[in-house]
Amino acid sequence: MNRIFLMLAILVATVSIGAAPQVPRIALAQEPTIDFIGQVTIPTSGNVKFPQIMGRGDTVHIAGSGGRGDDNFARYWRKSADGTLNFADPRTLGPATGPPNYANSDVTIAPNGRVYVIANNTGDQAIYLWSSSDGTSWNPDDRKTVIRGGGFRVYPHIAASNNRLWVVWNQDGRYRYRTTTDVTGGGGWTGTRVVSNRESFGHPSVAVSPDGSRMAVAYAISDGDIYVGIWNGDGFTERLVHNNNLYLADPTVAFGPDNRIWVAWRAVEDEVYVSRENDQGNFPVSRLLRAGSYGTVSISVDPQNLAHVFWVGNRGDGWKAYYARQGTDGSWGLRVADPGAFIVNGMGAVTVSDFAYGHGVTEYFGGSGLVTRYYLFRSQGNNCVAQTITIGNALPGTNPPVVRDPTVVGTLAPSAGCTPAEQRVVLNAQDANAPAAPWSGAYNVPITNLEQCVQTLHVQLRANNRAQFDPQWRSVTFIADPQAAGTPVDAAVDVMNPKMFGLIPPVFSPVSPAGDMMSEGASTGDPGYTRIDQMHLRIADIGDCTGIGAYNVLFDNGTLSQSGTITGTFASNLPLPPQVPNTDLVAGETLFKIQVFDRAGNSVTLPRRMVYDPPGTNGEGRPVMDLSQTDLTPDTNTLTILRSLIINTIVVTDNLYRRGESVPTRGYTNNQTPPNSGDATKQFWGLWIAVEYLGKGANAESQYPPLPSGGLTFDNLRWQPVEVPNAVSGARVRFNLFDGVLNRTASSPTNGFGPDLTKDGTYRVYVKALDGAGNASTATYSTTLRLDPGYEVPTIRLPIIRR
């Protein structure tokens, strides 16, 4: 059945239908106990359709357009939430001419206490606005125009922050709005814009968070679904709250003190629903009650973040007003009021002082015709709590607050109606046995665990007329990131040989042609050495509480060399600082410092060092390999392309590199054999190995003499850098014959074979010595080896993953 026709049918006769699937029901408990104080007809409220009510602090505000026939006026009532039913006569603000179904009024209160009333004057095709600084002083002549002309508008509603107003209404099947930042003059309204492109149904509901930072509109659409639009600074971001196989309608929206959105609505099939926005911005739904609601389901949230719901319904025992409130343990209490007459279109509000007062208004059809009926409920407030907790030493502009000090300090403000005698302020655990202090409204708590990022301040108060502390804690979360912590900046800082990384593309990697190898050098080496005037700096956030924000490179004397910003992880090649400011970098060791800042302004300074080892103009920076004292032989395994080169003897001398130099301040420790300037086997880092295929002929070595030969040079080879961890007699290094091998037998020499099983024959291996900076020796050692038919090519088997 079409959901619209189903809705109309159910409005005629109340039907009992099962709950919507997969929607949890909220248990209604006996606690909290709710008292029904009484009900009264509000004076001068005849002919008011859709009366509106708002609670703020210890005052309740009501607006409605009443009069006779189409001759109606916008009226405003207010009363103190003192537990009485006494209403004074209203303030009449101005005409709201038109049918009472459409010539409605609404009221809202900004966080700063300013009261606004709007009225829809369908005779003028206009929405008018009045405002008062406190709700007691009104000037009916000070009427502002929100919009005039241009169509037939119905159901206008208003919301206010301290610095912006929004007016939302239903027109031509869409919810539309205007907004202004002229909150006292009421001018400067934007043009009319659409909240949602979905077809509208009924009233929109608007609300602003207690701190004025968020605004939302809840609305039903003609398909029978509930949506909320959240103000994004320029319009509304739409989110689906709920859709099911029932027809959903008449939602209202409210904010809790934590700025989260609550929405309540009904299914015309006798269901009442409530939803609270979760951490992910979604709206999990709970069914409150099978209550047979007729018209709006009104939700309010008190300063303790507890929900209060008011609606009108008929469960077969006559028309009743229903008030449900949430307890501190999450359970719900329910109280039903019998008006003794037909009522519809209820709206509710809540105020909290010594008690929690639930306020409701409905249309009431008694013997005198249509009037507005007011209902008052009361329950124990349990509200001597910290209404606001301010982190006084938070860094400006941080959300959540960031504290850089070893203590957290701030102020407390109690809930309305509470005069505290004592306060208990603790960190991270709600310890009811923690020492209490006399009420001062201020706190200063040491942060005992300076390394813990997320910390929560918990506050518990005792009222001066109560023997026990209020069982409810109020809390605020902040980020602790003090400079006094043992590790004020959690960052890993590495300074390394830039040829080990891809930011400066190495020319001589195993997968690239050699190029000018004597000018470019090898693609790896000792992390603490560099042959070019650059270093590779890598700074990683390893769990800093506020994240890494910037770095400085300092000379050894502390003066600035260069700086930059960081987002996440930083990795780049930077100029290597000279040994002394304002001089040129020279070969040898240079000392410098890396200073890292987090986003809280904390810093850590770490000493670092690199050895600058360029090849030199005349090759003085290159390792020297004495071929007369060097003997390298390949292994004798003739059936595998994975081969070992055996170092029988090797003599290499270098001007700067000494194997085994331990440099912990570089963030890198070489655990190889200790340095020995007199041992030539300790003065090189590794070997540069290249391979060429000479074919299967018996005279292959003479047919293809060692390079350079036949127009080929060493640049035609692909060189593999291989570290030699322990250059002693018998040391072995592993390499792959097919990894970049040069095929000398081809008409145009090519590199690489892949999984080719036909390349048995003779191979020649070339070897150069490398120092830690990647400089290669001028001298080249070469030897030949055999690969017999039937050799194996290594394979890697990967599993097949089926989806």
Side-chain angles (χ1 to χ4, degrees), residues 40-54 59-79 86-109 114-149 151-160 165 167-171 178 186 189 203 206 296 343-347 349 359-374:
V40 69
T41 297
I42 296 178
T44 320
S45 62
N47 211 34
V48 173
K49 289 290 291 182
F50 305 114
Q52 302 295 311
I53 186 169
M54 288 284 289
T59 306
V60 63
H61 309 258
I62 300 173
S65 295
R68 186 177 298 276
D70 290 355
D71 188 14
N72 296 302
F73 296 86
R75 294 192 168 113
Y76 165 81
W77 297 260
R78 75 189 301 271
K79 73 177 292 291
N86 301 324
F87 273 92
D89 289 337
R91 291 298 306 269
T92 298
L93 300 178
T97 306
N101 272 336
Y102 306 122
N104 314 132
S105 292
D106 190 26
V107 61
T108 195
I109 306 97
R114 191 170 188 87
V115 183
Y116 299 88
V117 173
I118 59 168
N120 191 25
N121 191 319
T122 60
D124 291 352
Q125 286 193 337
I127 298 175
Y128 294 121
L129 169 74
W130 297 265
S131 71
S132 168
S133 62
D134 55 6
T136 59
S137 301
W138 293 88
N139 181 3
D141 294 331
D142 186 18
R143 185 185 74 177
K144 309 300 181 183
T145 300
V146 177
I147 185 173
R148 180 190 292 273
F152 185 69
R153 287 170 287 275
V154 296
Y155 312 142
H157 293 275
I158 185 171
L165 303 177
V167 173
V168 183
W169 65 89
N170 195 339
Q171 179 181 343
R178 284 191 167 199
W189 294 90
H203 291 252
V206 296
T296 303
I343 58 173
V344 292
N345 295 325
M347 287 295 293
H359 311 266
V361 289
T362 70
E363 297 177 22
Y364 179 89
F365 294 86
S368 59
L370 172 61
V371 293
T372 298
R373 196 72 162 174
Y374 168 78

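Since this is a predicted model, take the numbers as computed values, not measurements.
In this structure, CD1 on Ile62 lies 13.0 Å from OG on Ser105, to the nearest 0.5 angstrom. Note that the CH2 atom of Trp130 and the CH2 atom of Trp138 stand 9.5 Å from one another [nearest 0.5 Å].
The shortest heavy-atom contact between Asp106 and Ala63 is C-CB, 3.9 Å. Nearest heavy atom pair, residue Val117 against residue Val107, reads CG2-CG2, 4.0 Å. Looking at every heavy atom in both residues, Asn121 comes nearest to Pro95 through ND2-O, 3.4 Å. For the residue pair Arg153 and Thr122, the shortest heavy atom distance occurs at O-CG2, 4.3 Å.
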Please tabulate, for the side chains in residues 40-51, all donor-acceptor contacts under 3.5 angstrom to protein atoms that are two or more places apart in sequence or on a different chain.
unit_1 : atom_1 : unit_2 : atom_2 : d
Thr41  : OG1    : Arg373 : NH1    : 2.5
Ser45  : OG     : Ile42  : O      : 2.6
Ser45  : OG     : Thr372 : N      : 3.1
Asn47  : ND2    : Gly69  : O      : 2.9
Asn47  : ND2    : Asn72  : OD1    : 2.9
Lys49  : NZ     : Glu363 : OE1    : 2.7
Lys49  : NZ     : Glu363 : OE2    : 3.3

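When the salt bridge (Lys or Arg N to Asp or Glu O under 4.0 Å) test is applied to Asp142, the partners found at least two apart in sequence or on another chain are Lys144.
In this pair, Tyr102 and Phe152 present their aromatic rings perpendicular. The plane angle is above 60°, beyond the 30 to 60° band.
Inter-residue side-chain proximity for Thr145 and Tyr128 is flagged as met; some heavy-atom pair is nearer than 4.5 Å.
If you check the side chains of Arg114 and Ser133, you find no donor sitting under 3.5 Å from an acceptor.
The only option from Asn120, Ile147, Asn104, Ile118 that meets the side chain to side chain contact (heavy atoms under 4.5 Å, CB included) definition with Trp169 turns out to be Ile147.
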